[in-house]
Amino acid sequence: ETGVTQTPRHLVMGMTNKKSLKCEQHLGHNAMYWYKQSAKKPLELMFVYSLEERVENNSVPSRFSPECPNSSHLFLHLHTLQPEDSALYLCASSQEGGFEAFFGQGTRLTVV
Amino acid sequence: AQSVTQLDSQVPVFEEAPVELRCNYSSSVSVYLFWYVQYPNQGLQLLLKYLSGSTLVKGINGFEAEFNKSQTSFHLRKPSVHISDTAEYFCAVSDRNTGTASKLTFGTGTRLQVTL
């Protein structure tokens, strides 16, 4: 596979569940990102990892917990989510200092 | 801090007609500018970017955009659209001082709907 791959593509979870979103990039990049895309709102940058260290956390609630075990993989662990957390979650990667971010297809999350 | 305004949430257009998608930005510092496209059930793909040099930039799929510093605009154009151009288009900026992909600020997007 090439590019940025996200799994699962769709996820329905209850408010008491714990689940994880996975992102894998095959581009040799060293920076990875989580974005939240909600209807009628701009994309919101949630987390940035550069060289496997978290360098940005944009006031994201603690019910979202990122993990970056290596430069190719990024996870978003979810627990006790709220219905308003339903959205498309996009993973992206880039070369640190580069200008172009490459996006995955996203995970459509529905919290019931 | 920067902000991006895409005034048109939806733009309907007939196939083979020209189209312009508007983007205005606000920033206290110099910026780089980008247009991304999102096809249904897909992630975002870079269409084109302005970093420096000529203010008219050409991208993929026949799109082009012109940077106008005095009007703080970066409008996207295509002289003749195709059905396959139906998608959501996002304008984005980043701070020249940090200037990396990690500092992108996006607009709310414009839905381009091309019909026969």
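All chains are named by letter (A, B, ...) in the order of the sequence lines, taking the proteins before the strands, and each is independently numbered beginning at 1.
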Taking a hydrophobic cluster as the set of Ile, Leu, Val, Met, Phe, Trp and Tyr residues connected by side-chain heavy atoms closer than 4.5 Å, whether directly or through intermediates, do [X] and [Y] fall within one such cluster?
{"X": "L11(A)", "Y": "V60(A)", "answer": "yes"}
{"X": "F47(A)", "Y": "L74(A)", "answer": "yes"}
{"X": "V29(B)", "Y": "F67(B)", "answer": "no"}
{"X": "Y36(B)", "Y": "Y33(A)", "answer": "yes"}

Could you tell me which non-hydrogen atom of F106(B) sits nearest to which non-hydrogen atom of P42(A), and how far apart they are?
O-CB, 3.4 Å

For the student: nearest non-hydrogen atoms of E100(A) and L46(B), plus distance
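Residues E100(A) and L46(B), closest heavy atoms: CD-CD2, 3.3 Å.
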
Which bit of Q38(B) is near chain A, if near means a heavy-atom gap under 4.5 Å: side chain, backbone, both or neither?
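Just its side chain gets close to chain A.
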
Which bit of Y39(B) comes within less than 4.5 Å of chain A, counting heavy atoms only: side chain, backbone, both or neither?
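Neither the backbone nor the side chain of Y39(B) comes within 4.5 Å of chain A.
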
Mark yes when over 12 heavy atoms from residues, nucleotides or ligands other than N41(B) sit less than 6.0 Å from its CG; otherwise mark no.
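12 or below, so no.
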
Counting neighbours of CD on E16(B) that are heavy atoms of other residues, nucleotides or ligands and sit closer than 6.0 Å, is the number greater than 12?
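No, the 6.0 Å shell around CD holds no more than 12 heavy atoms from other groups.
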
Checking [X] against chain B: side chain, backbone, both or neither under 4.5 Å from a heavy atom?
{"X": "Q37(A)", "value": "side chain"}
{"X": "L90(A)", "value": "side chain"}
{"X": "R108(A)", "value": "neither"}

Start with the C-alpha gap between L104(B) and Y35(A), add the side-chain angles, then the distance that decides, and say whether side chain to side chain contact (heavy atoms under 4.5 Å, CB included) holds.
CA-CA 11 Å; L104(B) 289 169; Y35(A) 282 88; 3.9 Å; yes

